[in-house]
Q: 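Got a structure here, written out as structure tokens. Questions coming.
In the text below, chain A, chain B and the rest are named by the order of the sequence lines, each starting its count at 1. Remember, predicted model here, so these are calculated numbers, not experimental data.
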Amino acid sequence: MKEKELRRSLAVLPIGTVMKLTNLSARQIRYYEEQQLVMPKRSEGNRRMYSLNDIDRLLEIKDFLDEGINMAGIKHIYDEKERKLAEKQAKLEKPLTDKDVRRILRDEFIAVSGLSKQDEFSFKHNNNF
DNA sequence: CTTCTGACA
DNA sequence: TGTCAGTA
């Protein structure tokens, strides 16, 4: 399920093909790029190259527009989507430090050990997990 | 022949 | 958004 995503993100379609697949004019496709709604790659000759994901996005943009949403609104939708995605990755890719692990284990041990307040105090100041 | 940037009767 | 110009 990773090879498939790779292919969908490969930018290999020239604007002419994109025009036929989306029924959008070159003017519109370039304009949406100016509005940061799509960011196609560029070939060595400075030609825009789109991926299948770009096609989906352009089609989606066209739908949003038909629903009466303006450029700013669509930009906001994508910006918000990126913000939430970055938020999730930040939490998933933040490994616990040894210090965090030791603190968690210690607190959990104290919680179930039945130690008195005085014992807990001694424990916290003598152990070196 | 296709695409690019810039501009606007 | 369309379209024309002058390029690459």
Side-chain angles (χ1 to χ4, degrees):
Chain A
M1 193 65 98
K2 205 169 190 178
E3 191 68 32
K4 189 176 181 181
E5 295 174 15
L6 177 66
R7 296 181 193 293
R8 291 189 62 70
S9 64
L10 281 182
V12 295
L13 312 173
I15 198 169
T17 301
V18 178
M19 290 172 69
K20 295 174 182 176
L21 266 37
T22 64
N23 287 307
L24 288 171
S25 67
R27 183 78 174 76
Q28 294 175 301
I29 297 172
R30 291 172 185 141
Y31 179 64
Y32 300 156
E33 180 182 352
E34 283 183 51
Q35 304 305 301
Q36 308 291 294
L37 298 183
V38 286
M39 32 171 267
K41 301 294 183 299
R42 291 291 181 129
S43 68
E44 292 179 28
N46 195 41
R47 268 105 197 267
R48 277 170 255 258
M49 300 304 277
Y50 302 81
S51 68
L52 294 177
N53 284 323
D54 291 328
I55 299 296
D56 288 337
R57 165 152 299 197
L58 287 169
L59 255 21
E60 189 174 41
I61 292 171
K62 193 165 65 169
D63 289 336
F64 282 143
L65 255 28
D66 288 331
E67 292 173 34
I69 304 176
N70 55 49
M71 294 285 101
I74 298 176
K75 275 198 67 177
H76 184 266
I77 292 175
Y78 291 139
D79 288 343
E80 198 66 359
K81 184 172 295 181
E82 272 190 60
R83 188 183 66 65
K84 292 183 178 179
L85 192 64
E87 192 174 81
K88 282 190 175 183
Q89 300 187 322
K91 289 188 176 182
L92 292 176
E93 294 173 20
K94 181 179 293 178
L96 296 175
T97 64
D98 285 354
K99 185 179 180 180
D100 291 329
V101 175
R102 274 185 271 109
R103 178 181 53 66
I104 293 173
L105 290 176
R106 187 205 65 194
D107 291 346
E108 193 165 307
F109 175 63
I110 292 174
V112 302
S113 66
L115 294 175
S116 68
K117 279 297 180 182
Q118 178 54 55
D119 291 335
E120 180 178 323
F121 179 81
S122 300
F123 179 76
K124 285 184 175 179
H125 292 281
N126 296 321
N127 89 87
N128 65 327
F129 261 31

Q: What stem regions, each of at least 3 consecutive Watson-Crick or G-U pairs below 3.5 Å, can be found for DNA chain C?
A: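 Listed by first number, the stems are B:4-8 with C:2-6.
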
Q: Once you round to the nearest 0.5 Å, how far does NE2 of A/His76 lie from CD1 of A/Ile69?
A: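 If we round to the nearest 0.5 Å, A/His76:NE2 and A/Ile69:CD1 are 11.5 Å apart.
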
Q: Between B/dT3 atom P and A/Lys41 atom NZ, what is the distance in whole Å?
A: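 Those two atoms, NZ and P, are 19 Å apart.
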
Q: Given atom OH of A/Tyr32 and atom C1' of C/dG2, what is their separation to the nearest angstrom?
A: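 Those two atoms, OH and C1', are 13 Å apart.
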
Q: Between C1' on B/dG6 and CD on A/Glu34, what's the gap in Å once rounded to a whole number?
A: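 Rounded to whole Å, this separation is 10 Å.
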
Q: Reckon A/Gly16 touches a base, only the sugar-phosphate, or nothing at all at heavy-atom distances under 4.0 Å?
A: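 Contact class for A/Gly16: sugar-phosphate only.
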
Q: How many Å lie between CD1 on A/Ile61 and P on C/dT1, as a whole number?
A: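 These atoms are roughly 11 Å apart.
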
Q: Could you tell me whether a side-chain N or O of A/Lys62 sits under 3.5 Å from a main-chain N or O of A/Leu24, the two making a donor and an acceptor?
A: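 Side chain of A/Lys62 to backbone of A/Leu24, a donor-acceptor pair under 3.5 Å: no, none is there.
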
Q: What is the distance from atom CE of A/Met19 to atom CD1 of A/Ile29, rounded to the nearest 0.5 Å?
A: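 The CE atom of A/Met19 sits 6.0 Å away from the CD1 atom of A/Ile29.
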
Q: Whether the side chain of A/Asp54 engages the backbone of A/Ser51 through a donor-acceptor N/O pair (distance < 3.5 Å, no angle test) should be reported.
A: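 Indeed, once roles are kept as given, a pair shorter than 3.5 Å links the two residues.
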
Q: Taking the cut-offs as 6.0 angstrom to the six-membered ring centre and 45 degrees off its axis, would you call A/Arg57 and A/Tyr32 a cation-pi pair?
A: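 Relative to the ring axis of A/Tyr32, which defines the angle, A/Arg57 lies outside at least one limit.
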
Q: Which of the following nucleotides, C/dA8, C/dG2, C/dT1, is nearest to the side chain of A/Ser25?
A: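 My answer, after comparing the listed nucleotides, is C/dG2.
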
Q: Same cluster for A/Met49 and A/Met39 if Ile/Leu/Val/Met/Phe/Trp/Tyr side chains link at under 4.5 Å?
A: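 No, A/Met49 and A/Met39 fall in different hydrophobic clusters.
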
Q: Figure out the CG/P separation between A/Leu13 and B/dT2, and round it to whole Å.
A: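 About 16 Å, once rounded to whole Å.
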
Q: Give the rounded distance in Å between these two atoms: CZ of A/Arg27 and P of C/dA5.
A: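 Interatomic distance, CZ of A/Arg27 to P of C/dA5: 16 Å.
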
Q: A/Arg30 has an atom CZ; how far is it from atom P of B/dC4, in whole Å?
A: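 Rounding to the nearest Å, CZ of A/Arg30 and P of B/dC4 are 5 Å apart.
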
Q: Go through the steps to decide whether A/Glu87 and A/Arg83 satisfy the test side chain to side chain contact (heavy atoms under 4.5 Å, CB included), and finish with yes or no.
A: CA-CA 6 Å; A/Glu87 192 174 81; A/Arg83 188 183 66 65; 3.5 Å; yes

Q: Figure out the CD1/C1' separation between A/Ile15 and B/dC1, and round it to whole Å.
A: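 Distance, rounded to whole Å: 15 Å.
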
Q: Of the candidate nucleotides B/dT2, C/dT1, B/dC4, which contains the atom at the shortest distance from the side chain of A/Arg47?
A: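 Given the options B/dT2, C/dT1, B/dC4, the side chain of A/Arg47 is closest to B/dT2.
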
